[in-house]
Amino acid sequence: MTTALVHHPRRGLALAFIGGFALSLDIPLIRLAGSDPYVVMGFRGFGLALMLGLYWRFLADRSAMPRALLADRDFITVGALSGLNNIFFTLAVFHTSTANVVFILAFNAMLAALISWPLTGEKPSSPTWVAILATLVGVGIIVADGFGSGNLLGDFYALICAILLAVSLTLARRSGKDLSLAPGYGGLVSGFFALPMILWMGSMPDAPVWLVLDAALLVPLAGITLWLAPRYIPAPQVALFYLLETVLAPLW
């Protein structure tokens, strides 16, 4: 049975902004690290799981969390989708241009709006639709010069990533629960997926400090805030804050 949905716009918007801002540094740090995709995937996955485990142990407010995390269907589903998202996002970054990745991921908000209404009963407002369409136009203008320089496989990975984000944010919203730890479970999924490739052909990053910073600070911060935000605001509104990465990543 779905928990009654909570509406706390200020809290939800603040959380989504913090998460989107932290995530805007993700791709630049991945590029600076100079590593192969599976090492990046492993660092980000296991780092996320470790840091969110420490957060759960020492800092988390557990009152709104599922009592038994690994026995909760919403936690497992959203966590697994988060792990798959990490896999496809990392592959997209390494297999197509940054312009293609950020443009395709911009459709996350529109996809979330389309599936949110039937799954949660929340009809996206007119201002939300206007914001989504305006951001798509803006993103198109920003990346117009670089778009098309990637390849179809990487673009496909980015599209899958956008779909996974939209679905998982909507399911997190529908649950009404605090699923801020779900990305930690997802980190284990993506980390163990990458582990065989790391052991077989992985190499140390050229500048591991950037990858450690990304995995230990930015990705966990974004994970906690962006997956807690749907408890307070609709999924399409949370998805819009992923576009901060599109706007700020070129500046970084």
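- Inter-residue side-chain proximity for Y185 and I76 is flagged as met; some heavy-atom pair is nearer than 4.5 Å.
- There is a path of hydrophobic side-chain contacts, each under 4.5 Å, that joins W200 to M41.
- A 4.5 Å side-chain heavy-atom check between S180 and Y55 finds at least one atom pair inside the cut-off.
- The hydrophobic clustering, which links ILVMFWY residues whose side-chain heavy atoms are closer than 4.5 Å, places I87 and L199 apart.
- Here the side chain of S168 pairs a donor or acceptor atom with the backbone of L164 at under 3.5 angstrom.
- Taken from CG in D155 to CG in N100, the straight-line distance is 4.5 Å, to the nearest 0.5 Å.
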Quiz item: When you look at I115 and L111, which way does the side chain to side chain contact (heavy atoms under 4.5 Å, CB included) test go after all the steps?
Solution: CA-CA 6 Å; I115 64 177; L111 292 169; 5.8 Å; no

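- Side-chain contact between D214 and I30 is present, with at least one heavy-atom pair separated by less than 4.5 Å.
- Shortest non-hydrogen contact noted between L52 and L181 is O-CD2, 3.4 Å.
- Side-chain contact between N86 and F193 is absent, with no heavy atoms from C-beta onward closer than 4.5 Å.
- Listed here is the closest heavy atom pair of F192 and F46: N-CZ, 3.6 Å.
- V219 and L195 are members of different hydrophobic clusters when ILVMFWY side chains are connected at heavy-atom separations under 4.5 Å.
- Here the closest non-hydrogen pair linking V40 and S35 is CG2-CB, 4.0 Å.
- Side chains of S175 and L179 form a contact here, defined as non-hydrogen atoms less than 4.5 Å apart.
- Between W129 atom CH2 and L133 atom CG the span is 7.5 Å, to the nearest 0.5 Å.
- No donor-acceptor pair under 3.5 Å is formed between the side chain of T77 and the backbone N or O of D74.
- No donor-acceptor contact under 3.5 angstrom links the side chains of N85 and S82, judged on distance only.
- Under the 4.5 Å side-chain criterion, counting only non-hydrogen atoms from C-beta, R31 is in contact with V93.
- The structure places CG of L81 at 11.5 Å from CD1 of I163, a figure rounded to the nearest 0.5 Å.
- Listed for the N108 side chain is a donor-acceptor partner under 3.5 Å among the backbone atoms of A166.
- The pair D178-R231 does not count as a salt bridge, with every side-chain nitrogen at least 4.0 angstrom from each carboxylate oxygen.
- For the pair I132 and T128, the minimum side-chain heavy-atom distance is below 4.5 Å.
- Separating the CZ atom in F107 from the CG atom in L105 is a distance of 10.5 Å, to the nearest 0.5 Å.
- With values rounded to the nearest 0.5 angstrom, L59 atom CG is found 8.0 Å from I224 atom CD1.
- In this structure, R173 contributes its side chain and P230 its backbone to a donor-acceptor pair below 3.5 Å.
- Listed here is the closest heavy atom pair of I233 and Q237: CB-OE1, 3.8 Å.
- T225 contributes a side-chain N or O that, together with a main-chain N or O of L221, makes up a donor-acceptor pair within less than 3.5 Å.
- Follow the hydrophobic side-chain contacts under 4.5 Å out from I18 and you never reach I27; the two are in separate clusters.
- Among L23, L13, L15, the single residue meeting the side chain to side chain contact (heavy atoms under 4.5 Å, CB included) criterion with F241 is L13.
- The shortest heavy-atom contact between L165 and Y242 is CD2-OH, 3.5 Å.
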Quiz prompt | Residues F89, D26; criterion side chain to side chain contact (heavy atoms under 4.5 Å, CB included); working and verdict | solution = CA-CA 11 Å; F89 172 77; D26 189 22; 3.2 Å; yes

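- Nearest heavy-atom pair across P183 and W227 is CG-CD1, 2.9 Å.
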Exercise. Take F21 and E245 through the test side chain to side chain contact (heavy atoms under 4.5 Å, CB included) and record every step on the way to the result.
Key: CA-CA 7 Å; F21 186 85; E245 183 173 20; over 6 Å; no

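- Each of L32, V39, D206, L29 was scored for a side chain to side chain contact (heavy atoms under 4.5 Å, CB included) with L211, with one residue passing: V39.
- Taking the side chain as every heavy atom from C-beta outward, L91 and Y38 approach each other to under 4.5 Å.
- Tracing side-chain contacts under 4.5 Å through hydrophobic residues (I, L, V, M, F, W, Y), one never reaches L188 starting from L70; they form parts of separate clusters.
- Atom CD1 of I160 is separated from atom CD1 of I104 by 10.5 Å, given to the nearest 0.5 angstrom.
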Quiz prompt | Test log, rule side chain to side chain contact (heavy atoms under 4.5 Å, CB included), inputs V209 and L213 | solution = CA-CA 6 Å; V209 64; L213 177 63; 5.6 Å; no

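- Of the possible polar contacts, none joining the T120 side chain to the W117 backbone as a donor-acceptor pair under 3.5 Å is found.
- Using a 4.0 Å cut-off between charged side-chain N and carboxylate O, D72 and K177 make a salt bridge.
- Proximity of a side-chain donor or acceptor of R62 to a complementary backbone N or O of W56 within less than 3.5 Å is detected.
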